[in-house]
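Just below is one structure, and these are the notes that go with it.
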Amino acid sequence: SNTKYTYQVQCSALQDEEEATSVEGSFKTTPAPDEEVAFNFVWVADLAGQGYGRNPDFEITNAQGQVVKGGYIVFHTMEALEPEFALFQGDMIYADNAIPPVKTIEQATGISEAYNWTNNPSKDFVAVSLEEFRHNWKYNFGDEKMQSFLAKVPIFVQWDDHEVTNNWWPGEIMTATDLYEEGLEVNTLFANSLQAFYEFNPLEQDQKLYRTQRFGKNVEIF
């Protein structure tokens, strides 16, 4: 308990002409129930919604005076805090949103004039099939800042509605929209989404998404 480990993953090439790659990472195990330790954590939710994806041109100057540019800057910001763990609290993909090459931000958002948000790469579909749900996770995990964060910080995950579709409920039947065909059963989306969720997140198969986790003597996460 309460011990840091490092690891290396070696990825074999799929074809002879491809080069193998390796990834280094680290994590710290949770303190035991009788260990009283100080720690910090971060939480995040709602990633790449409403067509705002991985923008290579977006940049900020952070509190340390560093200019950080491109991709999911939030993960760079959180990694710098050196948290013991992170809570991913849902809507970590928007399976029901496309991510167009350009998203126009209108004046109503509070900026002085309309602004074009660039998405590179973009995503031109909403997810119905299992492979499309998988692709949503691959899109987000392809971000270098998110990769760096996940290689260093353990995460506890749950989901919300957009991992399936907006405000869905079991047994819902879709009406014809710009996104889905008439009569599509949401239970089909749910089954595909759930399988992809388990494949791309640190959960044992069939482990409950809503659960509790001890973290030392004084903390329990629900």
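- Nearest approach of G90 to E163, heavy atoms of both residues: C-OE2, 3.5 Å.
- Checked options W117, Y72, Y115; the residue passing with Y52 is W117 (criterion: ring-ring contact (aromatic ring centres under 6.0 Å, His included)).
- Panel note: side chain E182, backbone T175; no donor-acceptor pair is recorded below 3.5 Å.
- Between F200 and F141, the ring planes are tilted. Angles from 30° to 60° get that label.
- Listed here is the closest heavy atom pair of N136 and A127: ND2-CB, 3.6 Å.
- The hydrophobic cluster of V37 has no other members, since no ILVMFWY side-chain heavy atom comes under 4.5 Å of it.
- In this structure, K152 forms no cation-pi arrangement with F149, as its terminal cationic atom is not both closer than 6.0 Å to the ring centre and no more than 45° off the ring axis.
- Listed for the N97 side chain is no donor-acceptor partner under 3.5 Å among the backbone atoms of G49.
- For the pair W168 and D160, the tightest heavy-atom approach, listed with the atom from each and the gap, is NE1-O, 4.4 Å.
- Shown here is E204, whose CD atom has no more than 12 heavy atoms of other residues, nucleotides or ligands within 6.0 Å.
- Apart from F85 itself, the hydrophobic cluster it occupies contains F39, F41, W43, L87, F156, F215, V219, I221, where clustering links Ile, Leu, Val, Met, Phe, Trp and Tyr at side-chain heavy-atom distances under 4.5 Å.
- Residues satisfying the side chain to side chain donor-acceptor pair (under 3.5 Å) test with W137, not counting sequence neighbours, are none.
- Across every non-hydrogen atom of D96 and N166, the tightest pair is OD2-N, 2.9 Å.
- At most 12 heavy atoms of other shown residues, nucleotides or ligands fall within 6.0 angstrom of atom CD in E181.
- Taking a cutoff of 4.0 Å between a charged side-chain nitrogen and a carboxylate oxygen, E35 and K217 do not qualify as a salt bridge.
- N201 contributes atom CG, which lies 8.5 Å from atom CE of M92 (distance to the nearest 0.5 angstrom).
- Counting only heavy atoms from C-beta outward, the side chains of L194 and W159 approach each other to under 4.5 Å.
- Hydrophobic clustering, defined by side-chain heavy atoms of Ile, Leu, Val, Met, Phe, Trp and Tyr closer than 4.5 Å, leaves L130 isolated from every other such residue.
- Taking CZ of R214 as the start and OG1 of T30 as the end, the distance is 10.0 Å to the nearest 0.5 Å.
- Between S26 and Y7, the shortest heavy-atom distance links the atoms N-CE2, 3.4 Å.
- Heavy-atom contacts from other residues, nucleotides or ligands closer than 6.0 Å to CD of E82 number 12 or fewer.
- A donor-acceptor pair under 3.5 Å links the side-chain atoms of T29 to the main chain of T3, judged by distance alone.
- No more than 12 heavy-atom neighbours from other residues, nucleotides or ligands sit within 6.0 angstrom of CD on E185.
- Among residue pairs with one or both ends in residues 128-148, those qualifying as salt bridge (Lys or Arg N to Asp or Glu O under 4.0 Å) are E131-R134, E131-K138, R134-E199; sequence neighbours excluded.
- Taking the six-membered ring where the residue is Trp, Y5 and F27 present parallel rings, their angle staying beneath 30° rather than reaching 60°.
- Checking side-chain atoms of N119 against main-chain N and O of G51 turns up a donor-acceptor pair under 3.5 Å.
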| query | Is there a side-chain hydrogen bond (donor to acceptor under 3.5 Å, both in side chains) between E36 and N218 once you walk through the steps? | reply | CA-CA 7 Å; E36 189 169 7; N218 298 321; 3.1 Å; yes
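- Looking at residues two or more places apart in sequence or on another chain, you find a side chain to side chain donor-acceptor pair (under 3.5 Å) between Q66 and N62.
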